[in-house]
There are 2 protein chains.
Amino acid sequence: MARTYKDAGVDIDAGDALVERIKPLAARTRIPGVIADVGGFAGLFAVPAGMREPVLVSGTDGVGTKLEIAFAADRHETIGQDLVAMSANDVATTGARPLFFLDYYATGRLDVDRAERVMRGIAEGCRLAGCALLGGETAELPGFYARGEYDLAGFVVGIVERSEILDGRSVVPGDALIGIASTGLHANGYSLARRVLLQDAGLALDSRPESLEKPLVDVLLEPTRIYVRAIEVARAHGLAAAAHITGGGLPGNIPRVLPEGLGARIDPRRWKRHAIFDLVQRLGPVEEDEMRCTFNLGLGLVMVVPARRADGCVDALGAAGWTAARVGEVVEVVGERVTFEA
Amino acid sequence: MARTYKDAGVDIDAGDALVERIKPLAARTRIPGVIADVGGFAGLFAVPAGMREPVLVSGTDGVGTKLEIAFAADRHETIGQDLVAMSANDVATTGARPLFFLDYYATGRLDVDRAERVMRGIAEGCRLAGCALLGGETAELPGFYARGEYDLAGFVVGIVERSEILDGRSVVPGDALIGIASTGLHANGYSLARRVLLQDAGLALDSRPESLEKPLVDVLLEPTRIYVRAIEVARAHGLAAAAHITGGGLPGNIPRVLPEGLGARIDPRRWKRHAIFDLVQRLGPVEEDEMRCTFNLGLGLVMVVPARRADGCVDALGAAGWTAARVGEVVEVVGERVTFEA
């Protein structure tokens, strides 16, 4: 019998069926500038008119082993929001407005229904980030991924006026650090959290440890917060720099946006640490330093504003619905760039 | 003993070491417009000045199970060129000039040396496509990928003057189709080729079947050709549309760039079909229709130009070093959009 591509595990028809299901999802994320829809060789987007020196800002990221939780729970509706959040937040920290998003979805055998559920979360993430879902690639790689599993990569392009890039140049000692609450682990540190909670401690995903307000699976799948609009709010209050708190935690990410010689002094009493972090730390046990360098510990975004504008910025963020607090200040440093008050 | 992120399989230090190795590779792909280097939260690129209505064009793709050949042969130097080619060629078919590239590299356990070899191929691909390697993400996902394996996704952003977008609108019946030689399978159809050659026929990768000019592994790892500069050449000769021949072959890709009601009549005697395609077909056996809908069969790019300009275009392409030929013409169709002369 003659061999076909489908015999070899690649179903072009399933891919085409998925494209048809994505089209209406993508259409709902359409914003001015979108020229071509999903389905052609490439996505087209008009550079916004009237900018003096437009600069493109792009970032890419995945969601790490948070995917393992989605697989184990067979819940795929929100992991797409995590995917958009990871790269849209990165792009927004430069002061750029996200314009469009593309996804890469790779799996061993394409399950059109499951992929559509993932894409719904991606479309919701795009809506929250204010960008268009402009295109993507669905790759069927027989034998690469375990049955029912997949990997995701996301890619965002944003734009900013060159003179308005947040490069941290104007940051000075004494500036205030404003933190915005995360929704939990976001999409970082899952290999450690899974190891401690599920493997070592043997907790079931549907269990509800006493300290948590809802079942473990719900806490672990809580989608990553998208901070694009919070950064917009802070821009009107003297925003000088913004750090997306991902792998590396506060010590790893805040220095990335501060000038040489400056660091951060942080007061951990100024914000609420989610119970999930304490649970991981206690069950590990995990040293406090390791916790700080692995997890966001409750702050998903840290912004720098002049001290005299900090209260106004926190108020404006609060009025816009964000849980924000002054969590520390910029200091001159010689050694450790991020220190924590005892 | 206290648990650490490294215990759980994620080595932040290895990731940092890789970033340091990528920096000089990325620096060598720098073109005017690049503002920030690899390593920040995002990559920055200035929109070229002096355009009237600049349009961004973006595409994403992976390299499919061609990766399995790289793994089996432990050869990782050229798969990165395939990665850039897949999305840069897509973007270039719209008439856009690729500006920058980002990669997503996902693996179970980061091997810095292997990842660097992959990145060298990516940098070479960027050089051939004329774009900058602006950023990327290296994801360590313990347990996701088999030992030593990885997946890759690539993203390209290009730019084109709105009035110069190749949307196929000017294509008319009688226009000539100009094909440009592929280097072999490129990065499509590997699941079928591997099934037939390695699994069913049991050929060893280092064997040299009589019909091939070099060992099978060399033929299967031949990097995908990057057609960006060929499309530039053809623009000076009335180029109306360009199709990148990927999954779906000539019948699947040519119609994507032709107006409704128009199709292609192709004369397969006009170009050389690589011996690897005949080997797959004979050993499968694989029906001719299935071959045509799965592989590029020797043409990696098909362009449409007015008939009276076809000879000049072919000559100019030849003078620039491309193997190009007139392979068919645009016709009015009611049923099948792509037909082959007997």
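All chains are named by letter (A, B, ...) in the order of the sequence lines, taking the proteins before the strands, and each is independently numbered beginning at 1. The shown structure was predicted, so the numbers you read here are calculated from the model rather than taken from an experiment.
Note: G189(A) leads G64(A), G189(A), G248(A), G9(A) in heavy-atom pairs under 4.5 Å with chain B. Contacts with chain B were tallied for A106(A), P142(A), A146(A); P142(A) has the most, counting heavy-atom pairs under 4.5 Å. Contact count versus chain B (heavy atoms, under 4.5 Å) is highest, among D167(A), V10(A), L102(A), T138(A), for L102(A). Residue with the most contacts toward chain B among S58(A), A46(A), S191(A): S58(A) (heavy-atom pairs, distance under 4.5 Å). When the candidates V257(A), N253(A), V157(A) are compared by the number of heavy-atom contacts under 4.5 Å with chain B, N253(A) comes out ahead. Ranked by heavy-atom pairs shorter than 4.5 Å toward chain B, the options E149(A), E53(A), R162(A), E140(A) are led by R162(A).
Between the side chain of E287(B) and the backbone N or O of A2(A), no donor-acceptor pair lies under 3.5 Å. Under a 3.5 Å cut-off, the side chain of R195(B) and the backbone N or O of D7(A) do form a donor-acceptor pair.
Ion pairing between K66(B) and D82(B) holds under the 4.0 Å rule for side-chain N and carboxylate O.
Both the backbone and the side chain of A243(B) come within less than 4.5 Å of a heavy atom of chain A. Looking at L283(A), there are no atoms closer than 4.5 Å to chain B (heavy atoms on both sides), in backbone or side chain. Using a 4.5 Å cut-off between heavy atoms, V196(A) touches chain B through its side chain atoms alone. Residue T94(A) touches chain B through its side chain alone, counting heavy-atom pairs closer than 4.5 Å. Both the backbone and the side chain of V57(A) come within less than 4.5 Å of a heavy atom in chain B.
Side-chain contact check for T60(B) and S87(B): no donor-acceptor pair (N or O, by modelled atom type) lies under 3.5 Å. Side chains of Y145(A) and D151(B): a donor on one and an acceptor on the other come within 3.5 Å.
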*Are L18(A) and L110(A) close enough, and set up right, to give a side-chain contact (heavy atoms from CB on, under 4.5 Å), and what steps lead you there?*
CA-CA 9 Å; L18(A) 179 61; L110(A) 182 59; 4.1 Å; yes
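A ring-centre distance under 6.0 Å is found for Y150(A) and Y105(A).
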